[in-house]
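Contents: one structure, followed by commentary.
Sequential numbering from 1 along the given sequence is applied to the chain's residues. Atoms within a ligand are numbered from 1 in the order they appear, just like the ligands themselves. Hydrogens, waters and symmetry mates are skipped; everything else that's a heavy atom, side chains included, is used. Predicted model, so just to flag it, every value in this text is computed and none were measured.
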Amino acid sequence: MTVESAMPEYSPGLAGVPAGRSKISYVDGQAGALEYRGIHIAELAVHSTFMETSFLLLFDRLPTPDEVSRFSNDIILHRRIKYKITDLIKCLPEQGHPMDALQAAVAALGMFYPAREVLDPEVQYWSIVRLIAKVPTIVAAYYRLRRGDEQIQPRDDLDHASNFLYMLTEQVPDPLIAKVLDTCLILHAEHTMNASTFSGMVTASTLADPYTVVASAIGALKGPLHGGATQETVEMLEEIGSVEHVRPYINQRLAAKQKLMGFGHRVYKVKDPRAIILQKLTQQLFAHYGRSLLYNVAEEVEHVGEELLASKGIHANVEFYSGVLYKTLGLDEDFFTCIFAMARVSGWLAHWLEQIKDNKLFRPDQIYEGQHGRVYVPIHRRLGGL
Ligand code: ACO
């Protein structure tokens with residue numbers, strides 16, 4: 001028997017291969033259902049807050065009123081970032097990608113708050129608090145500083161979403177907008193074994209500190225096949241420009257074997273349940289602020305996309321309407337994925353806790369396809385190319 005035949009069958013992208021056991025979230029890709037700790041996402045979107053949902057994900061139960069208020073207060077009290085982190089952000093190029101700034105600043109946070117004792121519950125709790133609290137402050141700081149504006153300090157009297165919007169604009173947002181953003185954070189907080197979570201878990205399995213875990217997950221989230229799709233979807237919709245251009249654009253794009261951004265999912269073979277809720281939220285915003293051309297284009301793209309791709313199980317995913325929604329809120333497109341990261345930090349940390357509780361270093365195998373026994377030729381005897 002060869003070594004290769006003794007191996008389990010290779011699955012590109014590990015599609016369908018379980019990489020762990022988890023009690024955090026559950027997806028039914030055929031039914032279009034998503035649960036956090038057994039509670040349907042649609043219920044959380046209506047009744048919960050991002051703080052409460054984060055507690056649920058992290059500690060496996062809905063908090064009592066006292067517990068959620070203590071957790072929220074701890075987070076409020078840790079929102080500020082050290083001036084050296086602000087200085088670091090100031091030194092980054094204005095034209096750089098905000099996700100890179102976020103990744104660099106989160107990695108640097110770990111140097112200020114050493115958390116090598118990853119199994120210590122105190123270290124775990126305060127790392128979680130600091131990361132959930134400081135990620136929005138970092139994002140808002142880069143948003144303002146790269147424009148040459150002063151950083152705005154967080155306000156302790158504002159909830160998570162309102163405070164974030166305040167740190168961007170120095171204005172307390174309309175409660176409807178804050179509620180919509182908070183719901184977006186709930187919807188993006190967790191999603192089983194996705195690429196960024198897996199990336200974070202691989203890092204966690206080395207017993208690296210949680211700041212490093214989150215920094216590695218941020219790196220994976222940035223890519224256009226994952227969280228970066230939010231930005232690319234809006235750029236695609238803007239490129240289309242009008243409802244009339246939708247069909248010829250999609251035909252041309254698919255003929256050129258290019259993917260429709262915001263469509264398709266490894267697990268969902270029906271419309272992503274989060275996209276359904278996000279679409280409704282966008283419509284709620286329009287009832288107050290007027291409908292946008294971008295949304296009209298998005299609706300038509302979904303209509304034509306369904307017609308052409310539904311038979312392959314390809315439908316709108318969570319990124320399809322989230323970009324339109326963030327655009328309606330007036331945010332810069334390259335920041336959309338940072339909002340995703342602000343939400344997913346809770347999910348990443350829940351997986352971090354689960355991983356280190358019963359840790360086994362991730363060290364998968366590979367199928368070697370290279371050569372053996374090649375002769376080393378000294379450099380002076382190498383003529384021409386390789
Ligand atoms: N548009 C057109 N065709 C698509 C799309 C799409 N968005 N997605 C998949 N397909 C087609 C592929 O071309 C391929 O067709 P073929 O079999 O004829 O060659 C087939 O469906 C399978 O595609 P894969 O990319 O191999 O499937 P996978 O399960 O890896 O895809 C993925 C998942 C990466 C999300 C893919 O659908 C995609 O690239 N979508 C666009 C990017 C995007 O929106 N990403 C966000 C995902 S949600 C999230 O990460 C939070």
Side-chain angles (χ1 to χ4, degrees), residues 10-17 19 24-25 27-30 32-34 36 41 99 184-201 217-240 246-279 298 300-326 333 336-348 351:
Y10 167 55
S11 171
L14 297 183
V17 177
I24 302 170
S25 63
V27 176
D28 182 334
Q30 298 297 336
L34 168 61
Y36 292 171
I41 186 77
M99 284 292 277
C184 289
L185 297 180
I186 294 174
L187 295 175
H188 284 84
E190 161 62 10
H191 205 252
T192 71
M193 191 63 68
N194 55 86
S196 56
T197 298
F198 183 52
S199 174
M201 284 172 63
I218 290 170
L221 185 68
K222 183 189 168 198
L225 295 187
H226 192 12
T230 328
Q231 178 183 346
E232 302 231 352
T233 302
V234 166
E235 285 169 357
M236 183 186 79
L237 297 174
E238 281 173 338
E239 196 187 327
I240 296 173
V246 167
R247 194 173 286 275
Y249 177 94
I250 294 183
N251 285 336
Q252 206 179 0
R253 193 168 172 119
L254 295 182
K257 298 265 171 237
Q258 285 176 312
K259 287 179 174 169
L260 216 51
M261 297 314 286
F263 267 70
H265 199 276
R266 177 66 62 77
V267 184
Y268 292 118
K269 298 306 161 207
V270 294
K271 185 167 172 177
D272 187 325
R274 300 165 298 174
I276 296 170
I277 301 170
L278 281 164
Q279 187 173 10
E300 182 64 7
V301 168
E302 192 188 356
H303 171 69
V304 177
E306 277 287 317
E307 198 181 297
L308 301 175
L309 297 170
S311 60
K312 290 175 88 176
I314 298 168
H315 305 266
N317 62 44
V318 65
E319 304 313 328
F320 191 70
Y321 284 107
S322 57
V324 180
L325 197 149
Y326 299 147
E333 280 151 36
F336 294 171
T337 316
C338 290
I339 300 173
F340 193 155
M342 273 167 50
R344 189 54 64 85
V345 70
S346 299
W348 290 330
H351 283 276

Do any nitrogen or oxygen atoms of L260 come within less than 3.5 Å of a nitrogen or oxygen of ligand 1?
-> yes
By number and element, which atoms of ligand 1 are closer than 4.0 Å to a non-hydrogen atom of M261?
-> 42 (C)
Reported CD1-to-CZ distance for the pair I240 and R253, which is rounded to 0.5 angstrom | 8.0 Å
Just which atoms of ligand 1 are under 4.0 Å from any heavy atom in L225?
-> 39 (O), 45 (N), 46 (C), 47 (C), 50 (O)
Rounded to the nearest 0.5 angstrom, the CZ-OG1 distance for R344 and T197 is 5.0 Å
Indicate whether any N or O donor in one side chain lies under 3.5 Å from an N or O acceptor in the other, for E319 and T233.
-> no
Report, as yes or no, whether the 6.0 Å neighbourhood of atom CD on E307 holds more than 12 heavy atoms from other residues, nucleotides or ligands.
-> yes
Could an N or O of ligand 1 be found under 3.5 Å from any N or O of H226, whether backbone or side chain?
-> yes
Relative to ligand 1, is I314 under 4.0 angstrom through side chain, backbone, both or neither, heavy atoms considered?
-> side chain
Within less than 4.0 angstrom of ligand 1, does G13 place any heavy atom?
-> no
Polar atom proximity, V318 to ligand 1 (N or O, under 3.5 Å) = no
F263 N/O under 3.5 Å from ligand 1 N/O = yes
Heavy atoms of the protein only: does one fall short of 4.0 Å from atom 15 (O) of ligand 1?
-> yes
Taking all non-hydrogen atoms of both residues into account, name the closest pair between V27 and L34 and its distance.
-> CG2-CD1, 3.8 Å
Run down the list K269, R344, K259 and name the one with the heavy atom closest to atom 5 (C) of ligand 1.
-> K259
With a 4.0 Å cut-off, strictly under, does atom 28 (P) of ligand 1 pick up any protein heavy atom?
-> yes
Using non-hydrogen atoms of the residue, decide whether F340 is closer than 4.0 angstrom to ligand 1.
-> yes
Between H188 and Y326, how do the two ring planes meet: parallel, tilted or perpendicular, split at 30° and 60°?
-> tilted
With side chains defined as the heavy atoms from C-beta onward, is the minimum distance between H303 and V246 less than 4.5 Å?
-> no
Minimum heavy-atom distance between Y321 and E302, given as atom pair plus value = OH-OE1, 2.6 Å
Near G264 (heavy-atom distance under 4.0 Å), the atoms of ligand 1 are 35 (C), 37 (O)
E319-ligand 1 polar pair, N/O distance under 3.5 Å = no
Under-4.0 Å heavy-atom contact between protein and atom 50 (O) of ligand 1 = yes
For the residue pair H191 and Y268, is the inter-centroid distance of their aromatic rings smaller than 6.0 Å?
-> yes
Quick one: which ligand 1 atoms are inside 4.0 Å of a heavy atom on R266?
-> 28 (P), 29 (O), 30 (O), 33 (C)
Ligand-side contact atoms (ligand 1) for residue partner A229, heavy atom cut-off under 4.0 Å | 43 (C), 44 (O), 45 (N), 46 (C)
Hey, is atom 20 (C) of ligand 1 under 4.0 Å from any protein heavy atom?
-> no
Could you tell me whether a side-chain N or O of N194 sits under 3.5 Å from a main-chain N or O of T192, the two making a donor and an acceptor?
-> yes
Compare every heavy atom of L278 with every heavy atom of L187, then report the nearest pair and how far apart it is.
-> CD1-CG, 3.7 Å
For Q258, is at least one N or O under 3.5 Å away from an N or O on ligand 1?
-> no
Which atoms form the tightest heavy-atom contact between A316 and E306, and what is the distance?
-> N-OE2, 4.4 Å
The closest protein heavy-atom partner of atom 17 (O) of ligand 1 is K312 NZ, 4.3 Å
